[in-house]
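Okay, structure first, notes after.
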Protein chains: 2
Amino acid sequence: MQAKEAAERLGITQRMLRHYEKEGLMDVSRTFNGYRSYSETDLRRAGRIRDFIATGFSTREIRAMSACLSDEGSGPCEGGIEKLTEKLMHIDRLRAELDDKRNAVLERLATLRNGLSALGTDP
Amino acid sequence: MQAKEAAERLGITQRMLRHYEKEGLMDVSRTFNGYRSYSETDLRRAGRIRDFIATGFSTREIRAMSACLSDEGSGPCEGGIEKLTEKLMHIDRLRAELDDKRNAVLERLATLRNGLSALGTDP
DNA sequence: TGCAACACTTACATTGATGTCAGGCTTTTC
DNA sequence: GAAAAGCCTGACATCAATGTAAGTGTTGCA
């Protein structure tokens with residue numbers, strides 16, 4: 001498929017798609033006229049790149065674990081697991097704190113409701 | 001504590017710590033001589049900021065959900081849960097694919113080992 | 001007292017991801 | 001076959017996160 005459709009399906013701009021290519025993250029074939037032609041495989045790869053970037057990885061880091069980008073599980077995906085696990089730790093820490101906070105708010109709300117019902121406002 | 005120790009304990013540079021402050025993400029008190037003085041609370045806050053940034057959030061986004069940064073669960077942490085959940089989706093997608101890949105490699109290894117043992121190489 | 005270590009501020013430099021615009025083909029459509 | 005819409009390349013612009021250096025005050029130890 002052509003650039004426009006690919007970008008739309010991925011929810012990113014053509015500019016970003018070209019960027020991935022120029023950064024050596026993917027290799028897109030061209031039709032006779034020079035237009036890029038994205039295969040479904042290309043799409044999936046680009047989708048992974050998009051996710052990696054959205055998760056705070058740089059193209060440099062992503063390039064370093066390019067085995068993590070192909071459909072084929074051909075390589076041991078050098079370092080990929082470790083790096084991702086690290087990111088996951090960051091997320092997990094944040095999420096745990098957010099959850100605590102959310103629970104605190106919920107509790108406060110519950111207490112408030114209890115207080116009200118204790119006053120006989122509720123059956 | 002002073003800047004150096006704070007930075008070391010957080011595993012980041014003083015420069016970044018100052019950056020958080022200038023970006024309005026945190027407010028650090030000073031001692032009489034003008035030196036920054038980080039409290040444990042400050043450290044925790046800075047740690048969260050560090051994690052948010054490491055997870056791909058911009059200072060702009062973080063500022064927008066500053067309620068997620070305080071120790072106190074005083075606010076509903078506007079938007080924080082949603083944004084984090086979104087990031088989590090990105091990570092989860094990647095991790096699922098990585099896990100698949102890792103399993104494929106493990107399986108291949110297992111098959112290989114089986115093949116060898118079938119040859120009687122193993123007791 | 002004087003040096004070493006640390007702080008502070010300000011300003012410029014860099015790197016990365018994206019946006020945007022220009023100039024020039026190709027394809028489609030009326 | 002001419003206009004409209006898509007694609008391409010390349011250059012320049014921007015914003016954010018960091019690095020780094022310059023110039024200066026402070027603290028502490030020998």
Side-chain angles (χ1 to χ4, degrees), chain A residues 1-39 42-43 45-66 69 83 86-87 90-91 94, chain B residues 1-39 42-43 45-66 69 83 86-87 90-91 94:
Chain A
M1 83 198 61
Q2 292 195 161
K4 188 179 189 183
E5 187 184 347
E8 275 169 2
R9 281 182 51 182
L10 289 168
I12 61 182
T13 65
Q14 296 183 36
R15 176 69 171 79
M16 291 159 79
L17 231 22
R18 259 179 272 130
H19 184 57
Y20 300 167
E21 208 179 332
K22 171 141 19 179
E23 288 296 315
L25 265 34
M26 60 186 304
D27 210 49
V28 184
S29 66
R30 308 297 184 106
T31 53
F32 76 97
N33 57 16
Y35 285 17
R36 287 176 181 76
S37 171
Y38 295 88
S39 67
D42 290 338
L43 265 213
R45 187 182 182 97
R48 278 171 219 127
I49 297 173
R50 172 205 58 195
D51 284 346
F52 271 116
I53 288 184
T55 305
F57 286 91
S58 67
T59 52
R60 184 175 161 61
E61 290 174 298
I62 301 174
R63 205 180 307 116
M65 47 180 194
S66 57
L69 295 174
K83 292 243 179 96
E86 202 177 300
K87 288 281 172 189
H90 289 138
I91 286 239
L94 290 174
Chain B
M1 83 201 60
Q2 289 194 161
K4 187 180 190 182
E5 187 184 347
E8 274 169 3
R9 281 181 53 183
L10 288 168
I12 60 181
T13 65
Q14 296 182 38
R15 176 69 173 79
M16 289 158 80
L17 230 22
R18 262 180 269 128
H19 183 57
Y20 299 167
E21 208 179 332
K22 172 141 21 180
E23 287 296 316
L25 265 32
M26 62 186 303
D27 211 47
V28 184
S29 66
R30 309 296 184 107
T31 53
F32 75 97
N33 58 15
Y35 285 17
R36 287 176 181 76
S37 170
Y38 295 89
S39 67
D42 288 338
L43 265 212
R45 188 183 182 96
R48 278 170 219 129
I49 296 173
R50 172 205 59 196
D51 284 347
F52 270 117
I53 287 184
T55 306
F57 286 91
S58 67
T59 52
R60 186 176 159 60
E61 289 174 299
I62 301 174
R63 205 180 308 117
M65 46 182 195
S66 57
L69 295 174
K83 292 241 179 94
E86 203 176 302
K87 289 280 174 189
H90 289 138
I91 286 239
L94 290 174

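Letters A, B, ... mirror the listed sequences (proteins, then strands); counts begin at 1. Predicted model only: the values in this text are computed from it and were never measured.
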- Query: From the 5' end of DNA chain D to its 3' end, which nucleotides mark the outer limits of contact with chain B, defined by a 4.0 Å heavy-atom distance cut-off (strictly under)?
  - Reply: dA17(D) to dT27(D)
Look up atom [atom1] in [X] and atom [atom2] in [Y], then write down how far apart they are to the nearest 0.5 Å.
X        : Y        : atom1 : atom2 : answer
Arg18(A) : Thr13(A) : CZ    : OG1   : 7.5 Å
Leu10(B) : Arg48(B) : CG    : CZ    : 11.0 Å
Ile49(A) : Glu23(A) : CD1   : CD    : 10.5 Å
Ile62(A) : Ile53(A) : CD1   : CD1   : 4.5 Å
Thr55(A) : Glu61(A) : OG1   : CD    : 11.0 Å

- Message: Without decimals, in angstroms, what is the distance between Tyr38(B) OH and dC8(C) C1'?
- Response: 11 Å
- Rounded distance in Å - CD (Gln14(A)) to P (dG19(C)): 11 Å
- Got more than 12 heavy atoms from elsewhere within 6.0 Å of CZ, Arg30(B)? yes
- Around atom CG of Asp27(A), are there more than 12 heavy atoms of other residues, nucleotides or ligands at under 6.0 Å? no
Indicate yes or no for a side-chain donor-acceptor contact from [X] to the backbone of [Y] under 3.5 Å, with no hydrogens or angles considered.
X        : Y        : answer
Arg50(B) : Met16(B) : no
Glu5(A)  : Gln2(A)  : no
Arg45(B) : Leu25(B) : yes

- Near DNA chain C, under 4.0 Å by heavy atom, which residues of residues 15-25 of chain A? Arg15(A), Met16(A), His19(A)
- Query: Within the pair Gln2(B) and dA7(C), is there a side-chain N or O less than 4.0 Å away from OP1 or OP2?
  - Reply: yes
- Any Arg36(B) side-chain N or O less than 4.0 Å from OP1/OP2 of dA7(C): no
- For Arg30(A), answer base if it contacts any base atom (sugar-phosphate contacts may also be present), sugar-phosphate if it contacts only those atoms, and nothing otherwise; contact means non-hydrogen atoms under 4.0 Å. sugar-phosphate
- For residues Val28(B) and Tyr38(B), determine if any side-chain heavy atom of one lies less than 4.5 Å from a side-chain heavy atom of the other. yes
- Looking at the side chain of Arg60(A), which of dG16(C), dC6(C), dG19(C) is the nearest nucleotide? dG16(C)
- With the sugar-phosphate defined as primed atoms, P, OP1 and OP2, and the base as all remaining atoms, what B/S/- string results for nucleotides 23-30 of chain C, 5' to 3', for protein heavy atoms under 4.0 Å? ---BS---
